[in-house]
Amino acid sequence: MKAAILTIGDEILIGQIVDTNSSFIAKSLDKIGIEVCEMQSIADDKQAILEAFARFQDRVDLVLITGGLGPTKDDITKHTFCEYFDDELQRNLVVEQHVINLFQQKLKLVASQVNKDQALVPSRCEILHNEFGTAPGMWMRKSKTVFVSLPGVPYEMKAIVANELVPKLVREYQRPYIIHQTILTYGQGESRVAERIEDWENNLPSFIKLAYLPSPGRVRLRLSARGTDKGILKSALQENIAQLNVLIGDIIVGFEEEDTIEVVVGRLLQKQQLTLATAESCTGGKISQVLTAKAGASAYFKGSVVCYSTEVKETVLGIDAQLIQKQGVVSAAVAVQMAENVRQVLKSDFAIATTGNAGPSLGDESAPLGTVFIAIASVQGTVVEEFSFGQPREKVIDRAVNKSLELLQKEILKNLD
């Protein structure tokens with residue numbers, strides 16, 4: 001079964017907002033064996049919508065549309081739906097009562113006529129209940145293709161997809177199994193990883209596909225198995241992953257889908273009931289950002305000192321001014337003292353410290369552009385390493401974040417031995 005995702009909104013096309021809806025929908029469909037073969041964003045324009053509908057008609061089984069369902073006059077999706085399906089708007093009394101109740105019970109307001117008119121829907125559509133908003137989802141079929149219109153507000157759309165759409169698709173369609181397994185590697189680039197696993201890749205079964213997903217300091221290897229027998233797919237994946245572990249086990253840090261290094265490290269810290277603090281200079285708080293993006297990080301992450309200036313390093317972290325003057329702020333000695341001091345200040349089991357020259361100019365530093373020192377402190381002592389991450393600035397920072405977490409993971413595991 002093939003699907004297409006269509007997002008409607010001028011705000012997406014001009015870069016005012018980022019389209020996260022398509023990503024969520026695609027993941028939701030993938031989990032139930034529906035293949036998304038295309039995504040498209042178009043303007044809030046009737047002709048553009050009609051042309052997109054016509055292009056997808058009978059080419060895919062399912063078209064999911066988000067956006068253009070608000071109460072304002074410039075939202076035209078429902079009217080365009082009616083034109084495309086040769087239908088007319090009709091007031092749905094169930095939806096209208098939901099709108100009235102929503103305003104009365106949650107907002108303590110009286111629904112205006114404009115809000116009640118959200119209950120005007122194509123007469124032949126099937127309603128998908130919108131628990132958190134006024135615009136319902138709408139399911140309509142034409143020939144071989146089902147078109148489903150969803151509101152663009154992310155939390156409303158997600159609830160409809162999870163509670164209404166996915167269960168309906170599961171009930172009404174026979175679908176193959178699609179199983180993904182992502183192997184997380186750190187420390188080697190895509191070309192080097194590919195070289196090491198070339199023979200293994202060439203001998204993968206035809207129903208298993210491999211994709212390389214590289215980013216600074218890390219490469220994710222995604223295996224996707226598709227077929228009608230779930231048991232065979234799982235067994236084949238396990239067998240091939242075991243072979244892969246023999247080949248590159250030294251750089252594999254995780255196996256679960258969507259588990260990044262920060263999630264792996266966080267889980268490891270939480271399991272061992274250990275805590276972490278950070279002292280960030282060149283990374284500017286980004287290590288803290290990626291750690292706290294994960295719900296539950298408060299169980300193991302104590303906090304951070306973003307000591308971007310030399311003054312803060314000295315006054316807040318107590319770094320020796322003479323040490324800075326003698327060694328330079330971008331140095332192994334300063335990184336070590338940053339890690340050790342922040343661990344003491346925030347009373348954590350482990351600490352990460354970064355200091356470097358991310359560029360694009362040298363500034364007052366003598367260290368070459370891209371130079372970063374990373375220190376990891378624990379009760380067992382402190383380790384520090386120097387790296388040259390090149391340029392541009394964004395690459396240096398991203399690689400420093402990834403490498404910091406990679407080094408932390410190694411030190412945690414070492415301390416557990």
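These numbers were taken from a predicted model, which means no experiment stands behind them.
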Of the non-hydrogen atoms in [X] and [Y], which two are nearest, and what is the gap between them?
X	Y	result
Asn21	Pro151	ND2-O, 4.5 Å
Cys307	Met338	SG-CE, 3.5 Å
Tyr84	Phe53	OH-O, 3.5 Å
Asn92	Val121	CB-CG2, 4.1 Å
Tyr300	Leu274	CB-O, 3.4 Å
Gly133	His98	O-NE2, 3.0 Å

Within the side chain of [X], is there an N or O that forms a donor-acceptor pair under 3.5 Å with the backbone of [Y]?
X	Y	value
Thr371	Gly356	no
Thr355	Ser331	no
Trp200	Asn240	yes
Lys2	Cys37	no
Glu386	Ile374	no
Asn101	Gln97	yes
Thr185	Ile251	no

Neighbour count >12 (heavy atoms, 6.0 Å) for atom [atom1], [X]:
X	atom1	answer
Gln174	CD	no
Lys168	NZ	yes
Lys144	NZ	no
Lys142	NZ	yes

Can you tell me how far apart [atom1] ([X]) and [atom2] ([Y]) are? Round to the nearest 0.5 Å.
X	Y	atom1	atom2	value
Thr134	Ile100	OG1	CD1	12.0 Å
Leu223	Leu237	CG	CG	6.0 Å
Asp19	Glu11	CG	CD	10.0 Å
Ile183	Ile241	CD1	CD1	4.5 Å
Leu407	Ile376	CG	CD1	5.5 Å
Leu269	Leu276	CG	CG	6.0 Å

Between [X] and [Y], is any pair of side-chain heavy atoms under 4.5 Å apart?
X	Y	value
Ile65	Phe81	yes
Cys282	Val396	no
Glu164	Val148	no
Val60	Glu38	no
Leu29	Leu64	yes
Pro154	Phe24	no
Arg399	Val372	no
Phe103	Val110	no

Salt bridge or not for [X] and [Y], using N-O below 4.0 Å?
X	Y	answer
Lys414	Glu411	yes
Glu406	Lys410	yes
Arg175	Asp61	no
Glu262	Lys286	no

Taking side chain to side chain contact (heavy atoms under 4.5 Å, CB included) as the test, write out the residues that go with Val166, two or more places apart.
-> Ser28, Ile32, Val161, Val170

Between the side chains of [X] and [Y], does any donor sit under 3.5 Å from an acceptor?
X	Y	answer
Thr354	Thr283	yes
Glu280	Ser288	yes
Ser348	Thr275	no

Result of checking Glu190, Arg220, Glu201, Arg222 against Tyr212 for side chain to side chain donor-acceptor pair (under 3.5 Å) | Glu201

Kindly determine whether Ile324 and Thr310 satisfy side-chain contact (heavy atoms from CB on, under 4.5 Å), including the steps that lead there.
-> CA-CA 8 Å; Ile324 292 177; Thr310 300; 3.9 Å; yes

Evaluation steps, side-chain contact (heavy atoms from CB on, under 4.5 Å), between Asp398 and Phe389 = CA-CA 10 Å; Asp398 285 344; Phe389 292 138; over 6 Å; no

Would Phe207 and Arg226 satisfy side-chain contact (heavy atoms from CB on, under 4.5 Å), going step by step from the backbone distance to the final call?
-> CA-CA 6 Å; Phe207 57 85; Arg226 177 188 295 269; 5.7 Å; no

side-chain contact (heavy atoms from CB on, under 4.5 Å) between Asn115 and Leu102: does it pass, once the steps are laid out?
-> CA-CA 10 Å; Asn115 297 123; Leu102 189 68; over 6 Å; no

